[in-house]
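Keep in mind it's a predicted model, so treat the numbers as computed, not measured. Counting starts at 1 for both ligands and their atoms, following the listed order.
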Amino acid sequence: MLVHIKDLIKEAEEGGYAIGAYNVHNLESILGVAQAAVRACSPAIIQVSEGAIKYMGLKPTMHIVTTVAKNVAGTVPIALHLDHGKTMQSVFECIRVGFSSVHIDASDLPLDENVRLTKAVIEVARAKGVWVQGEIGAIVGGHGSAGDFIEIPKADPKDVIEFVKATDVDTIAAAIGTAHGTYTNEDIDLGLLKAIKQKVKKPFVLHGGSGIEDKKIKQAIKEGVRIINIGTDIKTAFCRTLISMCAANPEETDPRKLMSPTIKAVEEVVYKKMELFGSAGRCKFAPVET
Ligand code: G3H
Ligand code: ZN
């Protein structure tokens, strides 16, 4: 069922675990996340980027996620979130159609400008009961990309503290050494995370969750990470599976035969993350068929 993100995060705070925010791009990846949630009995956040919304359409996205959450996930709770909202227009549209949470990403602007835009979103969002994620220290890389090394800038904890004080965001993302994609030199700076968490009591969102070793993810959850964004691992599982299905069945004319295994591939990736993040088995009710 579709729920408000605040209900998931409240329980994650109490239980000391993290919820995955899984980037989806099409019906197959939405089904993969929902099936994993049911199998793991785990709450999940389904998130869409502006690019995914452009591809699927905003209303179709809202309707498909709502329907899959109700009919596939049953009583397993799923929340819908806008990831990296770069324009006020896309953020406000997502608020209007019923997302329970939006990310206003003005992290590449000067701090005062980031504060100003984030506050403008909060003013509208609060009136509708929608949660807002803010970001400090732009997270580099690109979803789906991989490589040996990139320059990974980190946030200044003083800026994070000042930003949260000035905006009162509901959740906070900050650059702490991870990147979008999988890079050999990305890592979680636990010292920086600790320094931020000592002063900032808001739920911390870890971006760039793909490509980080499991041990570090577990340590970060202990230090207060409550949402972990996973994009690249999902894209990769989907594309690798589709490519090999097409290569093995070049004469196939039924898209369902080529696409069905991609749903399972996404499910497998997400299921493993749910176990790693400690969200598996946290559903209060057994899934029901609707
Ligand atoms: O906003 C989405 C994420 O931060 C995904 O990062 O592609 O490294 O998993 P990732
Ligand atoms: Zn991100």
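Residue V102 is tested with V91, D83, I122 for a side chain to side chain contact (heavy atoms under 4.5 Å, CB included); the sole match is V91.
For the Zn ion (ligand 2), the nearest N, O or S atom contributed by H207 is named ND1.
For the pair NE2 of H180 and NE2 of H84, the angle whose vertex sits at the Zn ion (ligand 2) is 100° to 10 degrees.
For the pair S260 (side chain) and K257 (backbone), a donor-acceptor distance under 3.5 Å is absent. For the pair N114 (side chain) and E135 (backbone), a donor-acceptor distance under 3.5 Å is present.
Protein residues having a heavy atom under 4.0 Å from any atom of ligand 1 are N23, Q47, D83, H84, H143, A179, H180, G181, H207, G208, G209, S210, N229, I230, G231, T232, listed by chain and number.
Side-chain polar atoms of N26 and S29 form a donor-acceptor pair below 3.5 angstrom. Checked by atom type, the side-chain pair S42/Y271 shows no donor-acceptor distance below 3.5 Å.
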One pair to check against side-chain hydrogen bond (donor to acceptor under 3.5 Å, both in side chains): E28 and T262. What are the steps and the verdict? CA-CA 7 Å; E28 286 72 23; T262 65; 5.4 Å; no

Verify side-chain contact (heavy atoms from CB on, under 4.5 Å) between T171 and K202, making sure each step is shown before the conclusion. CA-CA 6 Å; T171 59; K202 302 283 182 181; over 6 Å; no

